[in-house]
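Following: one structure in structure tokens, then a few remarks.
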Amino acid sequence: MKSSDLTAEFFRLPIRTLDEIAPGTTLILAPHPDDESLGCGGFIAEAVAQGRPPVVVIVSDGSGSHPASQEWPAVRLVEQREKEARNAVRILGLPPDRLHFLGLRDTAVPTEGEAFSAAVERVADLALDYDCSTLVVPWRHDPHCDHEAVWLMGKVLKALLPHVRLLSYPVWGLTLPPDVILDQPFPAGWRLNIEPHLPTKREAVKAHESQRGLVIEDDPDGFIMPEELLEKIIQKYEIYILS
């Protein structure tokens, strides 16, 4: 199926309430600091408003966004991105104790081996500690190695925790070139109306200042959130695909 056909189907998915999409407490896996706001900002805000705040786990340390910067070496950049993530989820209303960081290296999140198993075990423990019944991970076709790795974590976690509903959310997948062929059937899933929370989501995304070109000035090739992504993702509906 062409990516353009598939993403068009996303916007035809039925609209459902948060209770219907994600019953109980949800654990959200974000590959990087900012994916929690980009992909699930409205979800987080709505869950908080309903009195059942999710658990947000940021998998990578965010150190790979500006590799050529001398003023912002990895250690400093990790601290900045963690601070931005804390500010973002605060804007969304999430209690600070519901945010966790795994600290795996950006652009090198493992897909196998001891580090992968340890990350899966940590997330499984969190899911059990918080009695989570829904797990939300990136879409399998998001074109970034870390997103793919975290999707794989979700599949392994689902096997370990079969009672948990596994959902995925697109981020970069919404910007795929239209003629990319994907081994994906028409999606099953839902759309969540987040219109009441759109201003809050927008502010949470803005909190990731380093990723918007507002902080780091000595890496001209460093990452900046493209307008194309923001236009597609800050919309009145968020997409949750049943995995």
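The structure displayed is predicted, hence computed values, not measured ones.
Leu18 and Trp190 fall within the same hydrophobic cluster, where Ile, Leu, Val, Met, Phe, Trp and Tyr residues are linked whenever their side-chain heavy atoms come under 4.5 Å apart, directly or through other members.
Here the side chain of Glu84 pairs a donor or acceptor atom with the backbone of Ser210 at under 3.5 angstrom. Thr200 places no side-chain N or O within donor-acceptor distance of the main-chain N or O of Leu92, the cut-off being under 3.5 Å. Distance alone, capped at 3.5 Å, is enough to place a donor-acceptor pair between the Ser4 side chain and the Pro178 backbone. Side chain of Thr175 to main chain of Leu229: no donor-acceptor pair is present (N/O by atom type, distance under 3.5 Å, no hydrogens or angles). Panel note: side chain Asp219, backbone Ala68; a donor-acceptor pair is recorded below 3.5 Å. Looking at Arg98, its side chain does come within 3.5 Å of a backbone N or O of Pro53 through a donor-acceptor pair. A donor-acceptor contact shorter than 3.5 Å links the side chain of Asp146 to the backbone of Val109. Between the Ser63 side chain and the Val78 main chain, no donor and acceptor come within less than 3.5 Å of each other. Side chain of Asp106 to backbone of Asp61: no donor-acceptor contact under 3.5 angstrom is found. Side-chain atoms of Glu121 do not come within 3.5 Å of backbone N or O of Ala119 as any donor-acceptor pair.
A salt bridge does not link Arg212 to Glu209: none of the charged side-chain nitrogens sits closer than 4.0 Å to a carboxylate oxygen. Using a 4.0 Å cut-off between charged side-chain N and carboxylate O, Asp183 and Arg140 make a salt bridge. For the pair Arg86 and Glu82, the salt-bridge criterion is met [side-chain N within less than 4.0 Å of a carboxylate O].
Considering only heavy atoms from C-beta on, Pro73 comes within 4.5 Å of Arg76 through its side chain. At least one side-chain heavy atom of Leu157 sits less than 4.5 Å from a side-chain heavy atom of Val123. With contacts defined as side-chain heavy-atom distances shorter than 4.5 Å, the pair Met153/Val120 qualifies. Looking at heavy atoms from C-beta onward, Leu27 lies out of side-chain contact with Tyr130 at the 4.5 angstrom threshold. Between Leu13 and Glu9, every side-chain heavy-atom pair lies at or beyond the 4.5 Å cut-off. Side-chain atoms of His100 and Ile58, non-hydrogen and from C-beta on, never get closer than 4.5 Å to each other. Looking only at side-chain heavy atoms (C-beta outward), Glu46 and Thr17 stay at 4.5 Å or farther from each other. Taking the side chain as every heavy atom from C-beta outward, Cys132 and Val164 never approach each other to under 4.5 Å.
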Item to check | side-chain contact (heavy atoms from CB on, under 4.5 Å) between Ile21 and Thr134, intermediate numbers included | outcome: CA-CA 9 Å; Ile21 294 171; Thr134 305; over 6 Å; no
Checklist entry - Between Val59 and Leu29, does a side-chain contact (heavy atoms from CB on, under 4.5 Å) hold up when you go through it step by step? => result CA-CA 7 Å; Val59 176; Leu29 282 180; 4.0 Å; yes
Checklist entry - So Asp19 and Arg52, salt bridge (Lys or Arg N to Asp or Glu O under 4.0 Å) or not? Walk me through it. => result CA-CA 10 Å; Asp19 281 339; Arg52 50 184 183 97; 2.6 Å; yes
Checklist entry - Can Ser65 and Arg81 be said to form a side-chain contact (heavy atoms from CB on, under 4.5 Å), step by step? => result CA-CA 10 Å; Ser65 64; Arg81 296 202 65 185; 3.8 Å; yes
Checklist entry - Could you go step by step and tell me if Lys158 and Ser243 meet the side-chain contact (heavy atoms from CB on, under 4.5 Å) rule? => result CA-CA 10 Å; Lys158 172 63 176 175; Ser243 297; over 6 Å; no
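When each of His197, Arg191, Lys201 is paired with Glu238, the side-chain hydrogen bond (donor to acceptor under 3.5 Å, both in side chains) condition holds for Lys201 and for no other.
Annotation for Gln50: atom CD counts as buried by contact number, over 12 foreign heavy atoms lying within 6.0 Å. Within a 6.0 Å radius of NZ in Lys232, no more than 12 heavy atoms belonging to other residues, nucleotides or ligands are found.
Classified by interplanar angle (parallel below 30°, tilted 30° to 60°, perpendicular above 60°), the ring pair His32/His144 is perpendicular.
In this model, a donor atom of one side chain and an acceptor atom of the other lie less than 3.5 Å apart for Asp142 and His147.
Remark: Leu77 CG to Glu71 CD distance equals 12.5 Å, nearest 0.5 Å.
Checked against a 6.0 Å centroid threshold, the rings of Tyr169 and Phe43 do not count as neighbours.
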